[in-house]
Every structure is written in structure tokens, then in C-alpha cells.
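Remarks on the structure that follows.
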Amino acid sequence: MGGRRRAAREAVSGASIAGLSACAAAHLDCYTQQDSMYAFYSYDRMGSPDVISPTDCLAPVLLNVRMSYAHVLPLFHSAGPGANLLSCMRQVLETDSEQLIDFIELDLHDPDGPWQVVDRAISTSGAVKHLKAVAVTKMLHRKRPSFVPIFDREIYRFYFGYYPMRGSYAAEPRSLWPVLQADLRLNRSWLTELIRGRETPDGRELSLLRAADIVVWMHMVTGCGRAVATNDSPELTTL
């Protein structure tokens with residue numbers, strides 16, 4: 001398996017959202033239609049920005065995470081792994097209390113930087129049954145949509161050519177973040193134009209992180225054939 005995964009990583013080492021510029025607007029338009037089958041008008045409502053409630057913790061269900069109330073209850077116990085995870089997630093909100101931190105500009109390797117608080121929340125999920133990087137980032141992204149990207153298996157597959165292991169909470173998320181960040185930095189200009197004038201259902205500006213997540217995810221799940229090779233992504237082909 002390790003050899004196959006290394007080979008797949010090499011095969012799509014140039015994968016970039018740049019190659020989706022021809023289909024990005026269509027994907028975003030489709031996903032954000034109010035009467036569509038997608039979760040934009042349900043998931044993309046922040047609610048109280050500085051509170052993680054039990055209802056907030058169930059929000060990943062709207063993005064296809066298989067979980068139930070039974071997985072949320074331990075987060076609100078007085079002690080234990082679930083309570084520790086909730087405490088770490090609350091620290092993420094406190095770290096970006098003004099909602100000014102931009103994932104694209106962060107130093108992901110600064111041991112004292114704000115990203116370490118996000119990394120700690122994700123890695124703490126390793127001790128919690130059922131709730132790992134996918135669920136944790138989908139909880140946190142609603143509250144800090146420019147700070148915390150979503151760890152999703154389709155986004156991972158776009159960049160690496162294979163799905164992450166189920167229950168990922170350490171190595172695989174950490175391998176995605178610098179790749180995603182570098183790609184969004186390179187493509188920030190046209191992505192900024194793409195989201196200009198677009199709002200969430202509750203009237204906020206749509207974040208670049210969320211837009212990029214939607215574009216890549218839609219491209220992957222719809223089997224879109226409009227990907228093109230670019231100078232920055234010479235090996236990109238239709239996936």
C-alpha cells in the first residue's frame with residue numbers, strides 16, 4: 001500500500017486548483033443555489049461566532065459526516081477525551097476572536113503561532129471515538145471560515161491521488177495543509193475575483209477557503225471533465 005500511495009502522490013504532484021479555473025464558477029454557482037441538493041443554505045450559517053454548541057457539533061452531518069447525537073454528548077461531559085477536544089476547539093475560536101487570521105498567510109510551522117492551536121484540536125481528536133479531523137474541521141470551519149480549512153477526503157484525493165485513511169487526525173491532515181496553502185497562495189488573485197460579491201446565506205462574505213473547498217469538492221464528486229493543465233500543474237488531468 002505504501003508503494004502504491006507514493007506512486008499516486010508522484011502522479012498528481014502538480015495537481016492545482018489553477019486547472020479548475022474553467023469550471024470553478026459553474027461549480028460554485030451549482031453548489032450555492034438555494035434549492036440545490038447541496039448543503040450551502042444549511043451548513044454555511046455561522047450562528048453565534050464565539051460559541052460551539054451541541055447543535056454546532058452536529059453540523060458536519062450536513063457535509064456527509066456519519067455521526068449522531070451519541071458522538072456529540074461526550075464533548076459536553078465534565079471531563080474525559082471529549083471534554084478535552086471541546087476545550088481545544090474553543091481555544092481555536094478564542095485565538096481568532098476577531099476573525100482576522102488568514103490560513104493562506106499563516107506560518108504553519110511556527111511552534112508558537114496560531115496554527116498550532118488548530119493542530120492541537122485536530123490531534124486531540126485521536127483520543128475521541130468517531131470524531132476525527134474531518135468532523136473537527138467541519139465544526140471549526142463554520143465558526144472561523146478563513147482560519148480553519150476543511151479536511152475532506154475528496155480534497156485530499158484531488159491533491160494526492162488517493163483517499164486518506166479513515167479516522168485521520170495527525171499525519172494526513174498535516175500533509176495536506178502546506179500543499180493546500182501553497183496552492184491557494186498561487187491562485188489567490190483569480191479566486192478572489194471568483195468570490196467577489198458572493199455571500200453566505202447569513203449575509204457574510206464567502207471566504208476564499210470555503211469557495212476553494214466547494215470548487216474542488218464539486219469537481220471531484222461530479223466527475224467534471226473540464227480540468228486543464230497549467231504551467232503550475234503540468235501533470236493535472238481529469239480525475
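Here, residue 1 is the first one in the sequence, and each next residue gets the next number.
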- Does the side chain of Tyr38 pick up a donor-acceptor pair with the side chain of Gln33 at under 3.5 Å? no
- Note on the structure: So side chain to side chain donor-acceptor pair (under 3.5 Å) across residues 60-85, not counting sequence neighbours, yields none
- Note: Asp119-Arg174 ion pair, threshold 4.0 Å (strictly below): yes
- Item | Whether His141 and Tyr43 hold their rings parallel, tilted or perpendicular, with breakpoints at 30° and 60° | parallel
- Can you tell if the side chain of Phe40 reaches within under 4.5 Å of the side chain of Ser36, non-hydrogen atoms only? no
- Query: Looking only at side chains, do Asp183 and Tyr159 share a donor and an acceptor under 3.5 Å apart?
  - Reply: yes
- For Met67 and Val72, what are the C-alpha separation, side-chain angles and deciding distance, and is it a side-chain contact (heavy atoms from CB on, under 4.5 Å)? CA-CA 8 Å; Met67 58 181 292; Val72 172; 3.7 Å; yes
- For atom CZ of Phe147, decide whether the heavy atoms of other residues, nucleotides or ligands shown that lie under 6.0 angstrom number more than 12. yes
- To the nearest 0.5 Å, how far apart are NE2 in His27 and CG in Leu194? 11.0 Å
- Query: When you look at Asp44 and Arg204, which way does the salt bridge (Lys or Arg N to Asp or Glu O under 4.0 Å) test go after all the steps?
  - Reply: CA-CA 10 Å; Asp44 288 87; Arg204 294 172 291 110; 5.7 Å; no
- Item | Student check: side-chain heavy atoms of Val148 and Met139 closer than 4.5 Å | no
- When rounded to the nearest 0.5 Å, the distance separating OG of Ser97 from CD of Glu94 is 8.5 Å
- Query: Given side chains that start at C-beta, do those of Leu93 and Leu140 come closer than 4.5 Å, heavy atoms only?
  - Reply: yes
- Partners passing ring pair (Phe, Tyr, Trp, His ring centres under 6.0 Å) against Phe103 (at least two apart in sequence or in another chain): Trp115
- Query: Can you tell me how far the CE atom of Met89 sits from the OG1 atom of Thr137, to the nearest 0.5 Å?
  - Reply: 10.5 Å
- Beyond-backbone contact of Pro49 with Lys143, side-chain heavy atoms, under 4.5 angstrom: no
- Message: Do Met165 and Arg153 make a side-chain contact, defined as non-hydrogen atoms from C-beta onward lying under 4.5 Å apart?
- Response: no
- Show the numbers, then the answer: is there a salt bridge (Lys or Arg N to Asp or Glu O under 4.0 Å) between Asp29 and Arg198? CA-CA 10 Å; Asp29 288 344; Arg198 294 181 185 266; 2.9 Å; yes
- Message: When you compare the side chain of Pro164 with that of Arg157, does any pair of heavy atoms fall below 4.5 Å?
- Response: no
- Message: Please determine whether a side-chain nitrogen of the Lys or Arg among Arg188 and Glu105 lies less than 4.0 Å from a carboxylate oxygen of the Asp or Glu.
- Response: yes
- Any side-chain heavy atom of Glu154 within less than 4.5 Å of one from Val216? no
- Query: Looking at side-chain heavy atoms only, is the closest gap between Phe160 and Val179 below 4.5 Å?
  - Reply: yes
